[in-house]
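Before any comments, here is the structure.
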Amino acid sequence: MLRVDIITIFPDYFREAFDYGIIRRARAAGLVDIQAHDLRAWTLDKHHVVDDRPFGGGDGMVLKPEPIFAAVESLAGARRREGIAAGKRVVLLSPQGKPFTQSLAAEFAKGEQIVLICGRYEGVDERVAEALVTDELSIGDYVLSGGEPAALTVVDATVRLLPGALGSETSATNESFSDGLLDCPQYTRPPEFEGMRAPEVLLNGNHAEIARWRRDAGLEKTKRNRPDLLKE
Ligand code: 9D3
């Protein structure tokens, strides 16, 4: 079973997030155990302080290293990346991270544990990225208010790849990004809706013709919406 531990100052954010669809089924089937932990549980002071002012001045607050190192030690068994067992990943979600991709999700799905550290405020003390984490990851070039929505994304993309998580084993390999192209358009009844007809080729039952149409239509969609996927 894959273990997922999320370190956050907003554990309640995740309360119902994994209670739907494929992720709920994977949990119910015992394929994954997902837990969100309050970073404040690893503070030692009376007021459970997790942040402090940045050295050198500036706006905002920075997450302190001590509670994060303590949390990762208790959840993953080490205080330095060299001590993290093979098969475990300690991930910092940050706007400065490398891009999270489908191939990383596939790697994570083969491992035994993912510890996800959610940043907040103006950032996280850099010693966390330097010495503790195995992967510093971003989910894209836009500004979030914290790492929590990014952690949701990483868990979702990873858990659905666990063997047995999808209805049919073929669906995970036969989809967007696995072959580097976008999915083809899909249609269902009615064949005509408000004057818009579904492509006739999909209605006539010629499966060779349908397969060719789908490949071409996926390529067309990729050219229009994601030309970057076709370059090199
Ligand atoms: C780059 C902006 N930073 C300049 C001071 C401030 C800042 C903005 C947003 C620091 C942290 C955040 C919170 N974002 C994340 O923690 C985050 C994130 C994101 O904003 N975009 C894409 N992926 C991610 S993963 C974590």
Side-chain angles (χ1 to χ4, degrees), residues 2-18 20 22-23 32 34-43 48-73 75-76 81 84 88-109 111 113-161 176-177 182 225-226 228-229:
L2 177 67
R3 259 183 68 187
V4 178
D5 292 290
I6 302 168
I7 300 168
T8 173
I9 59 166
F10 297 130
D12 288 347
Y13 177 90
F14 297 94
R15 216 145 32 87
E16 292 189 30
F18 306 116
Y20 300 91
I22 293 167
I23 310 304
V32 62
I34 308 170
Q35 294 181 44
H37 307 272
D38 190 341
L39 179 61
R40 294 182 199 281
W42 285 280
T43 54
H48 303 291
V49 175
V50 292
D51 59 351
D52 208 336
R53 294 156 58 198
F55 280 142
D59 290 335
M61 300 289 270
V62 176
L63 287 182
K64 297 162 60 61
E66 299 96 320
I68 297 176
F69 276 73
V72 171
E73 178 172 33
L75 295 169
R81 85 161 55 78
I84 303 292
K88 299 188 179 193
R89 308 290 280 251
V90 177
V91 175
L92 174 65
L93 285 323
S94 106
Q96 286 74 47
K98 297 178 181 172
F100 176 63
T101 59
Q102 186 67 18
S103 64
L104 274 169
E107 279 183 39
F108 292 173
Q113 185 186 19
I114 318 168
V115 176
L116 298 163
I117 304 165
C118 301
R120 273 277 154 180
Y121 305 101
E122 293 308 300
V124 177
D125 187 286
E126 187 66 15
R127 287 165 288 199
V128 171
E130 275 172 8
L132 181 58
V133 308
T134 61
D135 305 85
E136 183 178 11
L137 301 179
S138 159
I139 61 161
D141 294 338
Y142 34 79
V143 181
L144 302 172
S145 52
E148 285 79 8
L152 280 188
T153 300
V154 170
V155 173
D156 191 281
T158 300
V159 169
R160 61 185 294 287
L161 295 179
S176 288
F177 298 108
L182 302 184
N225 286 350
R226 294 295 307 278
D228 55 299
L229 295 177

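All values below come from the heavy atoms of this structure, side chains included, with hydrogens, waters and symmetry mates left out. Read the numbers this way: they start at 1 and go in the same order the structure lists the ligands and their atoms.
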statement: Rounding to 0.5 Å, atoms NZ (K64) and CZ (R127) come to a distance of 9.5 Å

query: Looking at OG1 of T158 and CG of L116, how far apart are the two atoms once the value is rounded to the nearest 0.5 Å?
result: 8.0 Å

Closest heavy-atom contact between [X] and [Y]?
X	Y	answer
L104	P99	CD1-O, 3.7 Å
A105	A157	CB-O, 3.9 Å
G119	V124	CA-CG2, 3.7 Å
L63	C118	CD1-O, 3.9 Å

Interfacing atoms of ligand 1 (cut-off 4.0 Å, heavy-atom, [X]):
X	answer
G147	15 (C), 16 (O), 26 (C)
Y142	19 (C), 20 (O), 21 (N), 22 (C)
S138	22 (C), 23 (N)
L137	25 (S)
A150	25 (S)
V143	8 (C), 9 (C), 20 (O)

message: Any atom of ligand 1 sitting under 4.0 Å from a heavy atom of Q96?
response: yes

field: Minimum non-hydrogen distance to atom 15 (C) of ligand 1, winning option of G119, G58, P95
entry: P95

task: Measure from atom 22 (C) of ligand 1 to every heavy atom in S94, P54, G140, G146 and give the option owning the shortest one.
output: G140

message: Within the supplied structure, the quantity of interest is the number of heavy atoms (other residues, nucleotides, ligands) at a distance under 6.0 Å from D141 CG; does it exceed 12?
response: no

Within 6.0 angstrom of D59 CG, more than 12 heavy atoms from elsewhere: no

Can you find an N/O atom of [X] closer than 3.5 Å to an N/O atom of ligand 1?
X	answer
L144	yes
E122	no
I139	yes

